[in-house]
Enquirer: 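Following this message is one structure expressed as structure tokens.
The first residue in the sequence is number 1, and the count goes up from there. Nothing here was measured: the structure is a model prediction, and the numbers come from that model.
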Amino acid sequence: MLVIHETRGAEPWLVPGTWGGSLELGYERERQQTRTDNSQSDLARSRMNERMEIRNSGFYVVDPKLLTGNLGLTADFFQERGRVDGVENAPHGRLTGYTFDAGILPAKPYTAALFANRNQNILDRPFGGRSDISYETRGATLRLREDSFLKDLGVPYFNSALGTRQEHTQETTTILNQTLRRDEFRNVLTFDANKGFQTADLGFHYELNDLDNRVFPDTSFQTQAANLTYGLDFGPTLNRRWDSRVHYYDYQRRTGEDTRTFLTVDEQLRLDHHENLFTDYRYLLSRIAAPTGTTTTQTVILHAQHRLYRNLTTDVTAQSMRQDIADGERANDAVQLDFNYRRGLAWNGQVFGRAGTRYQIDGNDLAGSSIAVTDEPHAAPAPLGGGAGFTLNNLFVIASTIVVVDTRGGGRVTATLNVDYDVLQEGEYIKIIPLATSPLIQPGDPLLVSYSYGTAPSIRFSTVSRWLSIGADFRWLAFSLARDEYDQTLLSGQDGRFLDDQRRNTAQLELRGDWNRIQARATALYQTQDSTRLAYTRRQYNQSLTARLPFDFTLGLQAEGSVTDFTVPVRASKTRSLRATLDRYVVNGWYVTAFGAMRALEDSEFADETIREAGVRARRTLGKLDVAPSFTWSRFERGVIETRDRRLMLRATRRF
């Protein structure tokens with residue numbers, strides 16, 4: 001509670017801002033049943049909570065130009081009653097939180113900001129999952145703006161910021177008897193500086209991150225990251241552009257068992273010779289030092305583009321790469337020619353085409369037959385489930401060496417095979433499939449994958465690639481045909497089992513419709529691939545419809561499906577998904593959304609997986625009172641595991 005003291009006659013030194021807050025009552029009831037071939041689990045849980053929030057926005061001390069800020073406090077009291085397989089429990093407690101931020105001398109060139117917040121919450125996860133999360137942070141930032149004393153000293157357009165913060169994250173997540181615990185402290189120091197010139201910009205960023213993992217102390221680490229960027233426009237008409245980017249990252253485990261350093265340098269020069277002709281010159285340096293060894297890669301790229309009558313674009317590219325790894329050297333040289341044509345047609349249509357070829361020579365001079373990859377970046381798909389995943393960048397991956405790390409929130413938590421993700425082999429490609437029931441991986445999470453892949457130690461081979469595509473696009477119809485292929489030929493060496501020849505054909509048809517209140521779209525794709533190690537036929541369909549109905553209702557339908565028949569190796573895979581929504585929104589009235597969804601995977605290499613969800617959510621605003629009821633139902637089936645979950649929630653919030 002803010003207390004006002006008077007120090008200058010009748011004028012207070014602490015002046016409150018605008019008061020506000022809310023009172024919330026909530027009720028939740030859940031029933032979950034999980035069955036396997038030889039066991040059954042039953043969970044029933046009800047929960048009530050009373051949440052209070054009070055906040056003051058825009059308070060200041062003495063004068064708004066000296067210090068101004070915002071403060072908020074929350075308290076959530078909950079009582080539960082549950083039964084798990086006949087065993088009853090009745091937990092209860094209090095969740096507290098606060099938010100605070102303040103600006104010191106906010107209008108001056110030299111400003112400071114203070115902030116602190118704490119948030120405790122109990123979140124519902126899919127399929128009866130539950131997360132108890134507590135997050136707390138506090139810190140400060142000092143800023144130097146462009147109108148500081150440096151401007152008078154002849155250093156204009158300069159600004160910088162120095163910040164420090166401490167974060168504490170605690171999380172316990174349980175889904176289908178799989179539990180994840182996190183207890184992490186992070187101390188972060190950041191510094192940013194930017195200097196502007198008449199035709200150039202210079203930027204610098206540094207971040208020190210020290211993480212203490214209380215659950216797994218051996219994984220505690222410290223990182224340092226620095227970025228330096230510079231951009232310059234020059235030349236008689238500023239028709240030349242130079243961009244320089246340098247990135248440095250150092251990771252060290254507290255135990256010293258795992259240290260790795262990343263350095264990348266990217267230098268690019270662009271020359272605009274004419275309105276329709278430019279050339280690019282680029283140099284890339286990458287150095288990765290890890291326990292598996294040091295890899296240094298240097299790449300030079302020369303690129304020229306010419307545009308003829310705005311219809312035909314011609315690109316010529318030459319590239320050379322040299323890579324030094326712990327076991328030897330690798331190299332490739334390539335030249336590529338690409339034509340892109342586009343021309344307008346009647347009825348708001350256009351025709352397009354592309355043709356090109358590439359010739360590349362690769363060579364290895366290695367002592368071993370495997371190469372290590374460190375922290376290859378990927379992202380978890382959204383939504384999870386139904387066979388959604390991503391393919392690793394290299395062929396011939398050794399599955400037993402795969403390590404997947406989730407870096408959400410700045411930490412590094414190692415995922416577990418068959419609990420957080422599955423590994424699917426498609427020919428010589430490896431696909432990582434995050435599981436919908438993972439307690440760790442959430443939709444869209446940043447992931448880092450480390451692994452080793454096989455290669456011929458001493459080999460030199462050529463790759464000739466060709467591609468051709470044509471198509472037309474009108475407002476209601478679009479279609480295209482494409483073919484791409486490549487042939488690899490052994491030039492020297494004796495191990496040609498890593499070489500491949502490939503032919504791929506793709507046909508795609510898209511229909512679009514817009515009839516004022518109805519918008520619809522349908523796409524069909526047919527693709528065949530024939531290569532030495534992977535051959536398949538794929539049929540893929542996508543449909544969507546949005547319709548504005550009477551009484552302010554909006555109907556949405558989305559359907560996707562794919563059928564892939566593999567002949568090399570023999571395998572069949574089928575995915576299906578369907579989602580329907582019905583929304584109604586009336587100003588100062590009810591907002592209601594009902595939904596139903598299904599995602600399914602049938603694969604000869606995995607147990608069948610089906611996810612079904614349905615529910616209705618509503619919200620009604622009556623002045624300062626919000627009422628929000630909801631009901632959701634889900635059913636998850638994977639192999640012999642079946643989980644059903646029903647959840648009813650009601651929230652009533654009074655704002656003041």
Side-chain angles (χ1 to χ4, degrees), residues 143-146 150-151 154-163 190-208 223-251 261-289 295-307 310 313-324 331-338 340 356 358 360 374-379 393 446 448:
R143 297 185 183 277
L144 182 67
R145 294 175 175 168
E146 291 187 359
L150 294 177
K151 182 178 179 181
V155 188
Y157 313 118
F158 178 84
N159 63 80
S160 64
L162 176 65
T190 62
F191 176 71
D192 290 273
N194 296 277
K195 175 68 174 75
F197 302 89
Q198 187 173 0
T199 60
D201 292 287
L202 176 65
F204 176 75
H205 171 78
Y206 172 80
E207 180 173 309
L208 171 66
T223 65
Q224 296 186 75
N227 291 283
L228 180 64
T229 61
Y230 181 71
L232 171 66
D233 294 303
F234 64 101
T237 59
L238 299 181
N239 62 328
R240 302 169 185 174
R241 173 75 182 181
W242 174 36
D243 286 293
S244 177
R245 306 173 187 88
V246 180
H247 172 70
Y248 174 82
Y249 178 83
D250 177 77
Y251 167 87
T261 301
F262 300 81
L263 173 66
T264 59
V265 178
D266 186 352
E267 304 289 341
Q268 185 172 10
L269 175 65
R270 171 167 170 156
L271 307 180
D272 291 318
H273 303 280
H274 300 286
E275 190 176 292
N276 62 346
L277 174 65
F278 73 83
T279 55
D280 266 333
Y281 310 87
R282 192 173 185 183
Y283 171 75
L284 297 166
L285 169 67
S286 172
R287 185 180 184 276
I288 302 174
T295 300
T296 302
T297 306
Q298 300 184 74
T299 306
V300 176
I301 303 174
L302 308 179
H303 173 225
Q305 183 183 99
H306 178 264
R307 187 177 67 253
R310 298 185 178 180
T313 301
T314 303
D315 291 90
V316 180
T317 305
Q319 174 181 314
S320 180
M321 185 274 290
R322 297 295 181 270
Q323 186 177 70
D324 295 322
N332 71 56
D333 299 285
V335 60
Q336 178 174 317
L337 180 63
D338 205 353
N340 284 276
R358 179 183 178 93
Q360 179 170 319
T374 302
D375 288 354
E376 182 177 288
H378 293 277
N393 295 342
L448 298 176

Enquirer: Compare all side-chain heavy atoms of Leu271 with those of Asn239 and state whether any distance is below 4.5 angstrom.
Expert: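 The answer is no, as the side chains (C-beta and beyond) never meet within the 4.5 Å cut-off.
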Enquirer: Between Leu144 and Leu150, is any pair of side-chain heavy atoms under 4.5 Å apart?
Expert: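 The answer is yes, as the side chains (C-beta and beyond) meet within the 4.5 Å cut-off.
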Enquirer: Using a 3.5 Å distance criterion without hydrogens, assess whether the side chain of Asp201 forms a donor-acceptor pair with backbone atoms of Gly231.
Expert: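 Judged by distance alone, no pair lies under 3.5 Å.
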Enquirer: Any ion pair linking Asp233 and Arg270 (charged N to carboxylate O, less than 4.0 Å)?
Expert: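 Here Arg270 does not pair with Asp233 in a salt bridge, since their nearest N and O are not under 4.0 Å apart.
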Enquirer: Could you tell me which non-hydrogen atom of Asn332 sits nearest to which non-hydrogen atom of Arg322, and how far apart they are?
Expert: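 Closest heavy-atom pair between Asn332 and Arg322: O-NH1, 3.6 Å.
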Enquirer: Any idea which heavy atoms bring Pro377 and Leu448 closest together, and the distance?
Expert: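 Here Pro377 and Leu448 meet closest at CA-CD2, 3.9 Å.
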Enquirer: Mind listing the closest non-hydrogen atom pair of Arg240 and Gly235 along with its distance?
Expert: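 Closest approach of Arg240 to Gly235, heavy atoms only: CD-CA, 4.2 Å.
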Enquirer: If you round to the nearest 0.5 Å, how far is CG of Asn159 from CD of Glu146?
Expert: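 Interatomic distance, Glu146 CD to Asn159 CG, rounded to 0.5 Å: 5.0 Å.
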Enquirer: Can you tell me how far the OG1 atom of Thr229 sits from the CG atom of Asp243, to the nearest 0.5 Å?
Expert: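 The CG atom of Asp243 is 9.0 Å from OG1 of Thr229, to the nearest 0.5 Å.
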Enquirer: What are the two closest heavy atoms between Asp266 and Arg282, and how far apart are they?
Expert: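 That would be OD2-NH2, 2.6 Å.
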Enquirer: What distance do Gln224 atom CD and Tyr206 atom OH have between them, rounded to the nearest 0.5 Å?
Expert: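 That separation rounds to 3.5 Å.
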Enquirer: Does the side chain of Asp272 reach to within under 4.5 Å of the side chain of Thr237, using non-hydrogen atoms?
Expert: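 The answer is no, as the side chains (C-beta and beyond) never meet within the 4.5 Å cut-off.
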Enquirer: Could you walk me through whether Leu302 and Val316 satisfy the side chain to side chain contact (heavy atoms under 4.5 Å, CB included) test, starting with their C-alpha distance in whole Å, then the side-chain angles of each, then the deciding distance to 0.1 Å, before giving a yes or no?
Expert: CA-CA 8 Å; Leu302 308 179; Val316 180; over 6 Å; no
Enquirer: In sequence, state the C-alpha distance, the side-chain angles, and the governing distance for His378 and Glu376, and then conclude on side-chain hydrogen bond (donor to acceptor under 3.5 Å, both in side chains).
Expert: CA-CA 7 Å; His378 293 277; Glu376 182 177 288; 2.6 Å; yes
Enquirer: Quick one: pull up OG1 in Thr296 and CD in Gln323 and give me the separation to the nearest 0.5 Å.
Expert: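 Output value for this atom pair is 8.5 Å.
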Enquirer: Would you indicate whether the side-chain heavy atoms of Thr279 and Leu269 approach each other to under 4.5 Å?
Expert: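 No, too far: nothing below the 4.5 Å cut-off.
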Enquirer: Taking all heavy atoms of Phe158 and all of Lys195, pick out the closest pair and write down the distance.
Expert: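 That would be CB-CD, 3.9 Å.
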Enquirer: Once rounded to the nearest 0.5 Å, what's the spacing between atom CD of Gln336 and atom CD of Gln319?
Expert: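 If I round to the nearest 0.5 Å, the distance is 8.5 Å.
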Enquirer: Could you tell me if the side chain of Leu337 sits less than 4.5 Å from the side chain of Thr314, heavy atoms only?
Expert: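 The answer is yes, as the side chains (C-beta and beyond) meet within the 4.5 Å cut-off.
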Enquirer: The test is side chain to side chain contact (heavy atoms under 4.5 Å, CB included); show your working for Ile301 and Thr317 and say whether it passes.
Expert: CA-CA 7 Å; Ile301 303 174; Thr317 305; 3.9 Å; yes
Enquirer: Using side-chain heavy atoms (C-beta onward) and a distance below 4.5 Å, is Arg241 in contact with Gln268?
Expert: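 They are not in side-chain contact.
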Enquirer: For the atom pair CZ (Phe191) and NE2 (His205), what is the distance rounded to the nearest 0.5 Å?
Expert: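 Result: 11.0 Å between the selected atoms.
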Enquirer: Once the angle between the rings of Tyr249 and Phe262 is folded into 0 to 90°, is it parallel (under 30°), tilted (30 to 60°) or perpendicular (over 60°)?
Expert: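 Tilted.
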Enquirer: For Tyr283, is the OH atom crowded, meaning more than 12 foreign heavy atoms sit under 6.0 Å from it?
Expert: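 Result for OH/Tyr283: enclosed.
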Enquirer: Do you know which two heavy atoms are closest between Glu267 and Ser244, and how far apart they sit?
Expert: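 Looking at all heavy atoms of both residues, the closest pair is OE2-OG, 2.7 Å.
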Enquirer: Do Tyr157 and Asn194 have side chains that approach each other closer than 4.5 Å (heavy atoms only, starting at C-beta)?
Expert: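 They are not in contact (no side-chain heavy atoms under 4.5 Å apart), so the answer is no.
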